[in-house]
**Q** 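Please find one structure pasted underneath; my questions will follow.
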Amino acid sequence: MKPPQSCPQTGELINKLLAATDNEAISMQNDPHLTGCPHCRFVIDQLTADLEKWQQQGPGTIAIDPTARIKSASANSGKLQPILVKVAAIAAASVLTGLIVSHKLIPASGPTYRDIAADYTLELSTDDSFPIDYFNEE
Amino acid sequence: MMTEKQLTDALRRRDEAAFRELILRFQPITARVIFKITGDKEETPDLVQEVFVSIWEQVKNFREEASLSTWIYQLSTNKARNHLKWKKLRTGFRLSWQSEQAQPPAGMNHSLNMALEMFERKDDENAITMALQQLPHNQRTAFVLSKSEGLSNPEIAAIMKLSVSSVESLNFRARQNLVKILLPYYNNKKS
């Protein structure tokens, strides 16, 4: 007799097996439904085999040598340090020179904000340029 | 054999013998986790190497709030996630859902078809490996740590920096999605 192609309980049994510990998975083999349903028996047997295979699966023997990489990283950081110190010293010297030069070249007694503001203050009583008579004309 | 505390202290002193012992002890775990999350056999050795270089560089900042093994699991899962993000960006290929809020029915159908096509092409591949590649990263990581590494939910919560209930929820959704992918596969395989 050809076994049935599907069973409504298969999904539930797959879920149960995926959640099961090793001992629970072993005891699941005696589930009363599995003894009477060839479809579920087939699926659960396949899944059990696939799960075991997956659990044992790995990338195999891998040859890595991170010690070589950390040594080369340390060596590189040793070489890099004097270069970084030089770059920092040059940058600091440039900034300092810039500050000194700007201090020397820009005159200290330039017009201030208050001076400029005073220039533009409108003094109606004393300002000759303002045509105040215009408003008084009849 | 040094304890984790002794090993950490020795690494902080830049003891290379301790570093070699760390590699011997933790390389299998790191390789297994990275391989199972990424499914990428070729890239795994490089990623494992990068994890150990990160340990060497960051051990001074390791505050021992968690155990050394938890920290190494964290670095490994983060490395795997970053690799997948980078791979997705590079290839433009949608390997996982962008977020947990994605529409499962549409995504699932797409993933399901893709998974079945892959199974047909690579019959020797493990169905679990292929189905896991269709899950969002968080669900995949929780499932791998639980089912492959045999870690408890509180341990997984510490590694993933989540609450225990979030880990339970991730594992629940991972199993539901795996059932949706594996059920048609096994039904087809039988017929």
Side-chain angles (χ1 to χ4, degrees), chain A residues 1-25 28 34 37-78 80, chain B residues 14 16-17 19-20 22-23 27-28 30-36 38-57 125-132 143-144 146-150 171-172 174-176 178-191:
Chain A
M1 191 181 79
K2 200 179 175 187
Q5 295 304 305
S6 67
C7 170
Q9 288 195 43
T10 317
E12 196 185 316
L13 286 167
I14 291 176
N15 196 357
K16 201 173 161 187
L17 184 57
L18 291 174
T21 59
D22 289 348
N23 288 338
E24 286 167 346
M28 232 187 109
L34 286 179
C37 178
H39 178 76
C40 287
R41 165 61 67 193
F42 171 82
V43 172
I44 292 304
D45 284 351
Q46 287 282 314
L47 180 59
T48 306
D50 282 342
L51 269 173
E52 275 174 19
K53 193 177 155 192
W54 174 75
Q55 279 167 333
Q56 288 159 9
Q57 211 174 30
T61 310
I62 55 169
I64 58 160
D65 188 15
T67 46
R69 242 181 88 174
I70 59 163
K71 277 177 188 167
S72 69
S74 309
N76 285 341
S77 70
L80 204 62
Chain B
R14 303 322 234 179
E16 286 187 17
F19 187 55
R20 277 190 288 275
L22 179 93
I23 294 166
Q27 187 194 305
T30 311
R32 206 166 50 227
V33 168
I34 290 177
F35 171 68
K36 284 190 174 147
T38 61
D40 195 335
K41 206 169 190 171
E42 285 173 13
E43 293 287 338
T44 298
D46 283 346
L47 296 172
V48 171
Q49 180 146 299
E50 282 171 25
V51 167
F52 283 103
V53 172
S54 300
I55 293 168
W56 179 258
E57 285 169 352
E125 282 282 0
N126 190 302
I128 311 294
T129 309
M130 302 307 286
L132 273 176
F143 185 83
V144 167
S146 162
K147 201 72 186 169
S148 168
E149 296 302 301
N171 267 324
F172 177 78
R175 285 196 304 272
Q176 279 189 324
L178 285 174
V179 170
K180 286 179 190 169
I181 298 167
L182 291 171
L183 184 60
Y185 167 67
Y186 285 120
N187 282 341
N188 283 353
K189 196 172 182 181
K190 193 164 191 296
S191 59

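Lettering of chains follows the sequences in order, A, B, ..., and the numbering in each one begins at 1.
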**Q** Identify the heavy atoms of B/S148 and A/Q55 that sit nearest to each other, and give their distance.
**A** CA-CG, 4.4 Å
**Q** Is the number of heavy atoms from other residues, nucleotides or ligands under 6.0 Å of B/E16 CD greater than 12?
**A** yes
**Q** Does any heavy atom of chain B fall under 4.5 Å from the side chain of A/L17, the backbone, both, or neither of them?
**A**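 Contact with chain B involves the backbone of A/L17 alone.
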**Q** Which value, rounded to the nearest 0.5 Å, describes the distance between A/L51 atom CG and B/N126 atom CG?
**A** 8.0 Å
**Q** Using heavy-atom distances under 4.5 Å, tell me whether B/E149 contacts chain A through its side chain, its backbone, both, or neither.
**A** neither
**Q** Show the numbers, then the answer: is there a ring-ring contact (aromatic ring centres under 6.0 Å, His included) between B/F35 and A/W54?
**A** CA-CA 11 Å; B/F35 171 68; A/W54 174 75; 9.8 Å; no
**Q** With no hydrogens and no angle check, is any side-chain donor or acceptor of B/K147 less than 3.5 Å from a backbone partner on A/L18?
**A**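 Yes; judged by distance alone, with no hydrogens or angles, the pair exists.
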**Q** Out of B/V53, B/I55, B/V144, return the one with the most heavy atom pairs under 4.5 angstrom to chain A.
**A** B/V53
**Q** Under the 3.5 angstrom rule, does the side chain of A/K53 hit a backbone N or O of B/A127 as a donor-acceptor pair?
**A**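 It does not hold such a pair.
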**Q** Do we see a donor-acceptor contact under 3.5 Å between the side chains of A/D50 and B/Y185?
**A**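 Judged by distance alone, the side chains do not pair up.
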**Q** Under a 4.5 Å heavy-atom cut-off, does chain A meet the side chain of B/I23, its backbone, both or neither?
**A** side chain
**Q** Quick one: of A/L47, A/T21, A/I14, who has the most non-hydrogen atom pairs under 4.5 Å with chain B?
**A** A/L47
**Q** I'd like to check the side-chain contact (heavy atoms from CB on, under 4.5 Å) partners of B/S146; sequence neighbours left out, ordered by chain and number.
**A** B/I156, B/N171
**Q** List the atom of A/Q56, the atom of B/K36, and the distance in Å for their closest heavy-atom pair.
**A** N-NZ, 4.5 Å
